[in-house]
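Let me begin by presenting the structure, written as structure tokens, before commenting on it.
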Amino acid sequence: MTESSPPGRLLVVCTGNICRSPYLELVLRKSLDDAWGSERIVVSSAGTRGLVDHPMQRQAAEQLRHLGVASGDFRARRLTAEDVKAADLVLTVTTAHRAAVTQLHPLSLRYAVSVAELALASEALPTASAHEPNLPGWLRSIGQAVVAHRPKLAGVPREELDILDPYGHDDGAYVAMAEQISHLLPTLVASLSPSAAAEGASSAVTRAR
């Protein structure tokens, strides 16, 4: 990592930080490390009522293993205003969590969006090449683009904007959560990865110099 290329910081938020947000954190960390290189985008998670130091819920960890991702020594954290301030993009699992994030730090209205909102706004998002020198700025511009696109999602049913909470339910609820995330994940990862088109444009500019 060079001084001219600081890491971007992506924060995922749910309630207890033992099911949905760690699942997304660990999947996105692996996917974005593969896409950008190790820790060019630093992915973390926390819960609005985080069960501090609890491991990931067993059933959620099992669903994660189906993707070849281990929960390892994950421990839950409680969300703080400092967490929100430090992030360049905050992804929440529901619109209610988005509201909780913005109450902690009102300026996050510009960059706190739900996972589903980002996926549904994918065609309106800015792209970056693999050599993007300002990943924090690019992540912030993604949040701003989703916020600008939000009025177009007014007719989308709430259940399509929120990832269901499996906590306290049977194993089938964890399967349903994983399936819902898996449906969104390809678009989510593509939106947060280097764009082939942007990469081509960057190469063309380099050749022209």
Under a 4.0 Å N-O cut-off, is there an ion pair linking Arg9 with Asp88?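 No, Arg9 and Asp88 are not salt-bridged.
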Ignoring hydrogens and geometry, is there a side-chain-to-backbone donor-acceptor pair from Thr80 to Asp83 under 3.5 Å?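 Confirmed, Thr80 side chain pairs with Asp83 backbone.
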Okay, side chain of Arg158, backbone of Thr95: is any donor-acceptor separation there less than 3.5 Å?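 No, Arg158 side chain to Thr95 backbone: no donor-acceptor pair under 3.5 Å.
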Show the numbers, then the answer: is there a side chain to side chain contact (heavy atoms under 4.5 Å, CB included) between Leu185 and Leu28? CA-CA 9 Å; Leu185 198 59; Leu28 286 174; 4.2 Å; yes
Passes side chain to side chain contact (heavy atoms under 4.5 Å, CB included), Val147 versus Arg110? Steps please. CA-CA 7 Å; Val147 170; Arg110 303 170 183 170; 5.9 Å; no
Can you confirm whether [X] sits close enough to [Y] that some side-chain heavy atom of one is under 4.5 Å from a side-chain heavy atom of the other?
X	Y	answer
Val13	Ser21	no
Trp138	Leu89	no
Val115	Arg20	no
Cys19	Met56	no
Tyr111	Val101	no
Ser45	Phe74	yes
Leu91	Leu24	no
Leu135	Pro6	no

Where do Asp34 and Lys30 land on the salt bridge (charged side-chain N to carboxylate O under 4.0 Å, His left out) test, with the steps shown first? CA-CA 6 Å; Asp34 289 345; Lys30 181 180 186 304; 3.3 Å; yes
Just to verify, what does Glu117 make a side-chain contact (heavy atoms from CB on, under 4.5 Å) with, not counting sequence neighbours?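 Glu117: side-chain contact (heavy atoms from CB on, under 4.5 Å) contacts with Arg98, Val113, Ser114, Val146, Arg150, Leu153, Leu161.
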Any link between [X] and [Y] through a network of hydrophobic side chains (Ile, Leu, Val, Met, Phe, Trp, Tyr) touching at under 4.5 Å?
X	Y	value
Val43	Trp36	yes
Val69	Val175	no
Leu10	Leu118	yes
Ile142	Leu32	yes

Restricting to pairs with a member in residues 168-193, which pass salt bridge (Lys or Arg N to Asp or Glu O under 4.0 Å), not counting sequence neighbours?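 Residue pairs passing salt bridge (Lys or Arg N to Asp or Glu O under 4.0 Å), neighbours aside: none found.
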Side chain to side chain contact (heavy atoms under 4.5 Å, CB included) with Ser31: which of Val189, Leu67, Leu188, Ile41?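 By the side chain to side chain contact (heavy atoms under 4.5 Å, CB included) criterion, Ser31 pairs with just one of Val189, Leu67, Leu188, Ile41: Val189.
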Please report the interatomic distance OG1(Thr102) to CG(Leu109), rounded to the nearest 0.5 Å.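 Atom-to-atom, Thr102:OG1 and Leu109:CG are 5.0 Å apart.
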Nearest heavy-atom pair of Ala173 and His169: which atoms, and what distance?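 Smallest interatomic distance, heavy atoms only, reads CB-CB, 3.5 Å.
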Verdict with reasoning, Leu192 to Leu139, per side chain to side chain contact (heavy atoms under 4.5 Å, CB included): CA-CA 8 Å; Leu192 295 170; Leu139 288 178; 4.0 Å; yes
Taking atom CD as the centre, does Glu159 end up with more than 12 heavy-atom neighbours from other residues, nucleotides or ligands that are less than 6.0 angstrom away?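 Atom CD in Glu159 is crowded, with more than 12 foreign heavy atoms closer than 6.0 Å.
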Going through the distances and angles, do Tyr23 and Met177 end up as a side chain to side chain contact (heavy atoms under 4.5 Å, CB included)? CA-CA 10 Å; Tyr23 186 102; Met177 175 205 75; 3.7 Å; yes
